[in-house]
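The figures here come from the full heavy-atom set of this structure, side chains too, leaving out hydrogens, waters and symmetry mates. FYI, the numbering just counts along the sequence from 1.
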Amino acid sequence: MIQAIILGILGLVFFFIGVFELNSVVQKIFNFRIRQYLQSVNKNRFFGAIFGFILTALLQSSSVASVLIIALVNAGLLNFLGSLPIILGIGVGSTIAPALVAFKITNIAPIFIIIGGFLYLFSKKDKLQSLGQAFLYFGLLFFGLDLIGEAAEPIKNSAFFMRLAQEGMSPFFGLLFGIIFTAIIQSSVVPIGLLVILAGEGLVGLNLALPIILGANIGTTFSAILVSLKENLAAKRTALFYLIFKIIGVIIIFPFLGPFTSFLEKIFPSLPFQIIGAHFFFNLFLFLIFIFLTEAIGKIIKQILPGEEKVLPLFPIYLDKRLTEYPSQSFSVVLEELSRAVILIKEMFEETENLFINFKPSDFKRIDYIEVVIDELQDEILDFLNCLKKEKLTQKDVKKAICLATITDELERIGDRILNVAKLARLKAKKEVVFSQEAEEEIKGILSMLKNSFSILEKAISSLSPNYLNDILAQKKDFEEKISSALNNHLERFYERKCPMADSTIFNNILINFREIYNHCLKIIQTLTMI
């Protein structure tokens, strides 16, 4: 029995290593395309459902997929209503992993591990290494499930379990067991995959498995619920929808377990596939009901959790490729987008400032996502400018286009620098670094000057007035003196052993990034004078 317990724990360890590492690898690959996918999601609810299905199939975990969507909603990259079809697609996608177990993929899991390990260790190409990692962790996931199945072998000799398998248990107890077990394990793949394996050995019947499957579908929402507690209003609404639609589905299906069992037994000849069928048809049933009711249910959830959402548009608002035939209109919409980029940078900077006061991982995520939006704006603006009809451009227009492209690049670099500062704030919190009162005051003074620079920058872009160059040049000397003074003062504190090396490195790097941010602001305003 002890050996079986150890084997089961080892299986769980391999399974979760596979799930979380596969998640990391897939997100690395997926992040290159995620913006294009989100653009389609915002246009069509069915694209959203397909997105959720594919995301879950790739990550092999509905819990991980739902948490990722909660993060996107929290960042403002996806609105509440836009997230609902994705959540429905995640439910259907969660049937893939247990189905693979039913097709005995656990038997060939070591082959995936060997192929993946070989590609990862011996390939010199990054793409092949990433593919190798995906194969390796995919195999490890199902190898872990196989070990869990082997750990369950001793229960064949248990008279209690055999009687339970034959006679079943109270449906309400099975439902409760499925909810609690899945909530603790944080994955519906384990209980449902285990049911498939045990069914293949003749150790469970459909009457025992069905309530547990329904419970697992509710229990899998707990990861999203827990994560959303620390997130914004829109994220909480998405998590609540995830829980509510699963509970409603169980309430509808539960009184009809008998007919549902007969239906599954007629369609699928073997018990393992009957269990997969139960999981699939339950989620398909919910999808077909709720996909057309997302707006109505969304209104109800907004009444339960009232308040205003803060949505951060991921894609350009003003750019329209049809305008590229008209240079003056094209330049106007580009300037509108640049003004929006400055507003985003100001927001990003203010939230980064707050990280030094009270570091919150959720706030850092939002800063990271705003930087993604600024990167997207850079790509879209440069592509838009490149599409201008060259035969219609005067020499003055060409100069203006080059200046706007330069400003776009400089704004993106400011975003990068602010993200660097946010990462330093995260490192400061992680290492529990406490700056001296003098250092705090020095940083506050420089932050205030940078905020003023952003205000000048915003006015300069909106008005295209060269007068603002004098304003920012007027404070350049004072800014440089503050930076140099802060660096020298901190060096003295270090020599006097008032602060350790870690404090000194973080503080110096913060100041270096502040100086670069100011220089980028100055270059932008200098470039504006040339337009």
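Ring to ring, F256 and F260 are not that close: their centroids are 6.0 angstrom or more apart. Taking the centre of each ring, Y120 and F135 stay at or above the 6.0 Å mark.
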Discussion item. Go through it in stages, so that I can follow the logic: the residues are L119 and I115, the test is side chain to side chain contact (heavy atoms under 4.5 Å, CB included), and I'd like the CA-CA distance, side-chain angles, deciding distance and then a yes or no.
Written reply: CA-CA 6 Å; L119 287 173; I115 293 172; 4.2 Å; yes
Discussion item. Walk me through whether T220 and S62 qualify under side chain to side chain donor-acceptor pair (under 3.5 Å).
Written reply: CA-CA 7 Å; T220 194; S62 59; 3.1 Å; yes
Practice prompt. Go through I345 and I374 one step at a time and tell me if the side chain to side chain contact (heavy atoms under 4.5 Å, CB included) criterion holds.
Written response: CA-CA 8 Å; I345 282 170; I374 293 169; 3.6 Å; yes
Discussion item. Applying side chain to side chain contact (heavy atoms under 4.5 Å, CB included) to R237 and I304, what does each step give before you reach the verdict?
Written reply: CA-CA 9 Å; R237 286 172 174 170; I304 297 171; over 6 Å; no
Worksheet item: Given the rule in the side chain to side chain contact (heavy atoms under 4.5 Å, CB included) test, do F222 and T182 qualify, once you have shown the distances and angles that lead to the verdict?
Response: CA-CA 9 Å; F222 280 50; T182 308; over 6 Å; no
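Within the 4.5 Å cutoff, no side-chain heavy atoms of F364 are placed close to those of E351. Counting heavy atoms from C-beta on, the side chains of E410 and T527 never come closer than 4.5 Å. D375 has its side chain within reach of D416: a pair of non-hydrogen atoms, C-beta onward, lies under 4.5 Å apart. Side-chain contact between I367 and L355 is present, with heavy atoms from C-beta onward closer than 4.5 Å. The shortest side-chain heavy-atom distance between L457 and H520 does not fall under the 4.5 Å cut-off. The shortest distance between side-chain heavy atoms of Y318 and L335 does not fall below 4.5 Å. Residues L264 and L210 have side chains in contact (heavy-atom distance under 4.5 Å, counting atoms from C-beta outward). F331 is listed as a side-chain neighbour of D397, based on a closest heavy-atom distance under 4.5 Å.
Heavy atoms only, all atoms of each residue included: L229 and K236 are closest at O-NZ, 3.5 Å. The nearest pair of heavy atoms linking P98 to V196 is O-CG2, 4.2 Å. For T56 against G93, the heavy-atom pair with the smallest separation is CG2-C, 3.6 Å. Taking every heavy atom of both residues into account, F454 and C521 meet most closely at CE2-SG, 3.7 Å. Nearest heavy atoms, F282 versus K246: CZ-O, 4.0 Å. Between S339 and I461, the closest heavy-atom pair is OG-CG2, 3.5 Å.
Residues T238 and S83 have side chains that bring a donor and an acceptor to within less than 3.5 angstrom of each other.
The aromatic rings of F281 and F268 are tilted relative to each other, their planes meeting at an angle between 30° and 60°. Using cut-offs of 30° and 60° on the angle between ring planes, the pair F254 and F172 is tilted.
Between the side chain of D363 and the backbone N or O of F359, no donor-acceptor pair lies under 3.5 Å. Judged by distance alone, with hydrogens and angles left aside, the side-chain atoms of S332 form a donor-acceptor pair with the main-chain N or O of S328 at under 3.5 Å. Using a distance-only test at 3.5 Å, with no hydrogens or angles considered, no donor-acceptor pair links the side chain of N358 to the main chain of N354. Looking only at distances, no side-chain donor or acceptor of E371 sits under 3.5 Å from a matching main-chain atom of G415. Proximity of a side-chain donor or acceptor of Q129 to a complementary backbone N or O of S123 within less than 3.5 Å is detected. No donor-acceptor pair closer than 3.5 Å links the side chain of T408 to the backbone N or O of Q378.
Atom CG of N217 is separated from atom CZ of F245 by 8.0 Å, given to the nearest 0.5 angstrom. In this structure, F118 CZ and L136 CG are separated by 14.0 Å, a value rounded to the nearest 0.5 Å. To the nearest 0.5 Å, the span separating CD1 on I244 from CD1 on I297 amounts to 8.5 Å. Atom OG1 in T95 sits 11.5 Å away from atom CD1 in I213 (nearest 0.5 Å). Once rounded to the nearest 0.5 Å, the distance linking CG of L257 with CG of L206 reads 9.5 Å. Atom CD1 of I370 sits about 6.5 Å away from atom CG of L344, to the nearest 0.5 Å.
For the side chain to side chain contact (heavy atoms under 4.5 Å, CB included) test, residues two or more places apart in sequence or in another chain that qualify with I343 are E458.
Around NZ of K392, the count of heavy atoms belonging to other residues, nucleotides or ligands within 6.0 Å exceeds 12.
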